[in-house]
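Single-structure report; data block below.
Residues take their numbers from the sequence shown, with the count starting at 1. All ligand and atom numbering here is 1-based and tracks the order in the structure.
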Amino acid sequence: MAPTIDSSKFAIHDLPTPEPDSPLRPRQPYRFSTLCATVENPSQKDQYGSSSVPIYQTATFKGISGEYDYSRSGNPTRSHLEHHIAKISSAQHAFTVSSGMAALDVILRVLKPGDEVIAGDDLYGGTNRLLTYLKTHGGVTIHHVNTTDPKSLHQYIKPGKTAMVLLETPTNPLLKIVDIATISADVKERAPDAIIVVDNTMMSPYLQRPLEHGADVVYDSATKYLSGHHDLMAGVITCNRDDLAKQMAFVINSVGNALTPFDSFLLLRGIKTLAIRMDRQQSSAMRVATLLEKLGFKVHYPGLPNHPGRDVHMRIADGPGAVLSFVTGDKVMSERIVGATRLWGISVSFGAVNSLISMPCVMSHASIDPAVRAARGLPEDLIRLCVGIEDPIDLLDDLERALLEAGAITVAAGSNEERFVRAIPQEGHAISRAVEKLAFNDNASLGISQKRAQEDREWFVSAPGKVILFGEHAVVHGATAVAASVDLRCYGLTTPRHDGKLSVKFTDIDNFYHEWDLSELPWDAVTPVALGSAHPDALDEKLVAAISATAMSSVTQPKAKVAATAFLYMYMIMAHGGERPSFNFTSRSTLPIGAGLGSSASFSACAATALLLLHQRISIPPLPLPSRAAAAGDPGHVHVSHEGRRAITTGIAEEANRWAFVAEKILHGNPSGVDNSVAVFGGALAYTRPGFNKPSGMDPINGFKSLRFLLTDSKVPRDTKKLVAGVGELKNQQPELVERLLKEIQAISDEAKRCLADPELSREQLLAGLSALIEENHAHLVTLGVSHASLEAIKAKTKTAPFNLSTKLTGAGGGGCAVTLVPDDFKDETMQELKSALANDGFDTYLTSVGGSGLGILSPYGQRPLDAPPTPPADESSTVDQADGAAPEPLRASLDGKAIVELSGWADSLGRWLFV
Ligand code: PLP
């Protein structure tokens, strides 16, 4: 790597010059390393011809007409240094000050109160700290933007307001790349007065000269590569604009932070070897990055072929540099690795001849609020490596040994060539282990490349609604309620977008659609829940408020608003490791919305599950190898109905249920947790509220046999709070009556629980028993005053001949839905007759089974990622036929366009559903 310098940019510095032009051979400018090693300033010849620039260790100079009078204003050693730096940086002007931060401080002093600054969102921690100070004390507005996407700056570039754009590339420690050239051109076009400032510390002028790409001012922490030995602190500023140079020279002289003579001498000495050090450090860094990647770690280094910003970087810079970072998946593991190295010194900073290792979140970036760190995608387990000039073999050996000692890698079995492989962590949370397994499964059919592809596919999930069969209202006062899933479902589908946006479509809530730029979401308000941790009991009200004030400010439809808020809340809190997937979430519902059948809980379960999958917090079980599956009786991903084995493990279901409950809290304030539990686990459960001096909690009713119910929506809206309060009032007025009713309802629930789970009971006995319990429970609800004329009309109609069916209200009453138990032998024609009769009275009916499957995920096996070439189905019995070679149609359009009555049949036809 030996860049040449454009000599026209610094004609005054290009001495000594090579031989002059001749007709045979045009004059060539000297190459970078030659310039570095050759410290010459024709206007400052040393009186004794010293080979090395002397240290003028003096504060003052005698006389009144000399070039120098006082070292704060100027010093010959510093002048030599600044001349040299200007020469190697394609710059007209160079200044050296006491540190990198001092350099930034000098630059920021061109700002005035009221000015706006656009800065990166992944900046060096100290830069962040100084900008925050300026924001709170200097009246300057700072917009932190994802500068890796030049378009994300556009909306903040305001002519007359934007005074500065502050960029850092590659960023430290995530090595993200910023396209300085494109951003400079954009800014010059839209806000010509704005100054583009670049922190070039990670690259040094050897590898990147931003002035050549449109920057106005460039600064380096010369504490790093420029000096190269960690024996001084210094900052350098370069620019080509005379006006800015004048302003900055004034500030340096006024505040007195110019570099001291001795440090100027050391820095000048360091720069002489810049190119040769960098060449060695960079080539060793490439070897380290390659090794780590080969071992299976996620590595950030622009030298690696798969680095997302590599092309942009290589257009602007002359090499990838010598800093890289990687994640281990486990903070404690990372700490062990850092502690186990010997040659790699544990230290902040970088750029010295010695190799360093650090964990940015606990060291260099600890000054950034942990919430902000997480929101900006800085993983807590990130390890940064700054490669020095030691022999690369020693560096690799030491690192490998530390990884081994920490348990991050293990000796590969039976292999001579590849000595080590990444170890799958033995400790840690089951969910993150499952993700690991998906990524590093050696024998299942998913490898790392497929894991990425998996993110590119559509995830289709569904969850059932619920009916309360017995015990509503009484449950508020400590009695047990029996709830069961209904086979009316909410569906959720994620479709990748890749345009930095997130969108939701709630087709059945006023056809609601809304999209957000991911960068505009209120990330600063997020306290993420780490991978493997649970959401705290209480909602993060600060985040809910921030979402409401920003992302939801223009949304007026109340139902859609609260659903979208719950969705965004979970999306933002779940985001980790810098991943913010861009996709659309479409939701449909065959459940009537707001009719007391748990539509919100099934939406919550779908949204939570889709997000958990996309954020890779859960993964579905890998496809079993045919031989292994047969031998172990492994159910793998084969869908078996709720009556048989379960394809989605309890661990995953519990995680989905925890998050669905979080969403329910946003939707309802203080939910019992029954609805989301039924939506996730399906079947039936008995629930008793805590706080009544008796056993409380949720008990699944095992052995529950699916039953047919007719659900009739009275379409009369209810006020649940008022109805609940009414029962409370009655209890105050007539405590004896209500206590007796509560006891009787408790007995009904107990009896229902017992008979639903009783394997000895015949079907006839079960249905007869339940009919009686339904009648009895409804009568009590009438006494409690929560029925309604419409519900009584439905009940009367179903009871008349030839129907003779038992009906009760379900849920809060006062309108909403009624449930009618339908015997197995009930004739189809009679059912049709009943449905028509109810429809004539203005009611909507749904014939459904109760107690079926819970949460479902359409199996991704056998499906192809949307943009992948066709591959033969991994599973021979796959029902998804994609052998035609064309990319599959996204499901989104079909889901959106289906009539409600067609939805479930269509969803079932898509392939295998995995259920809880
Ligand atoms: N910019 C970057 C990218 C840095 O890493 C650092 C220090 O680590 C600085 C600026 C600040 O430099 P200094 O410590 O010399 O003030």
Side-chain angles (χ1 to χ4, degrees), residues 81 85 95-109 119-134 144 147-148 166-178 180 197-208 210 215 217-238 252 255 257-260 263-264 266-267 270-271 278 281 300 302 313 317 320-325 345-352 354 356-368 373 376 378 382 384-387:
L81 169 67
I85 288 171
F95 303 99
T96 54
V97 289
S98 57
S99 72
M101 291 321 303
L104 178 60
D105 185 37
V106 168
I107 297 164
L108 292 177
R109 283 176 194 245
D121 65 358
D122 184 23
L123 299 169
Y124 166 62
T127 305
N128 231 43
R129 185 170 44 204
L130 191 53
L131 288 176
T132 307
Y133 181 86
L134 200 64
H144 285 285
T147 44
T148 58
L166 178 55
L167 307 172
E168 191 181 317
T169 183
T171 62
N172 169 23
L174 287 176
L175 285 295
K176 292 193 203 157
I177 304 302
V178 174
I180 312 170
V197 178
V198 177
D199 178 341
N200 199 42
T201 308
M202 288 277 274
M203 291 279 100
S204 86
Y206 179 45
L207 295 180
Q208 184 169 276
V217 181
V218 176
Y219 70 101
D220 273 68
S221 164
T223 318
K224 314 292 188 309
Y225 290 111
L226 280 166
S227 68
H229 295 75
H230 275 186
D231 50 11
L232 65 95
M233 300 285 309
V236 312
I237 304 169
T238 52
I252 294 168
V255 301
N257 59 1
L259 199 62
T260 62
D263 285 340
S264 296
L266 281 180
L267 182 52
I271 290 173
M278 270 304 221
Q281 287 173 264
H300 306 282
H313 181 73
V323 176
L324 61 123
S325 60
I346 305 174
S347 173
V348 292
S349 200
F350 56 90
N354 302 104
L356 303 175
I357 188 167
S358 67
M359 284 182 69
C361 285
V362 279
M363 298 167 75
S364 53
H365 290 59
S367 66
I368 304 178
R373 260 188 341 238
R376 295 192 184 154
L378 205 57
L382 190 77
R384 190 184 70 177
L385 295 173
C386 308
V387 183

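Evaluation of the side chain to side chain donor-acceptor pair (under 3.5 Å) rule for Gln281 yields no partner, not counting sequence neighbours. For Thr127, there are no side chain to side chain donor-acceptor pair (under 3.5 Å) partners two or more places apart in sequence or in a different chain. Asp121 is linked by a salt bridge (charged side-chain N to carboxylate O under 4.0 Å, His left out) to nothing, counting only residues two or more places apart in sequence or in another chain.
At distances below 3.5 Å, at least one donor-acceptor pair connects side-chain atoms of Thr223 with backbone N or O atoms of Ala234. Checking side-chain atoms of Asn172 against main-chain N and O of Met202 turns up no donor-acceptor pair under 3.5 Å. The main-chain N or O of Phe350 is found under 3.5 Å from a side-chain atom of His230 such that the two form a donor-acceptor pair.
Around ligand 1, the residues contributing at least one heavy atom under 4.0 Å from the ligand are Ser99, Gly100, Met101, Tyr124, Glu168, Asn172, Asp199, Thr201, Ser221, Thr223, Lys224, Met233, Ala234, Phe350.
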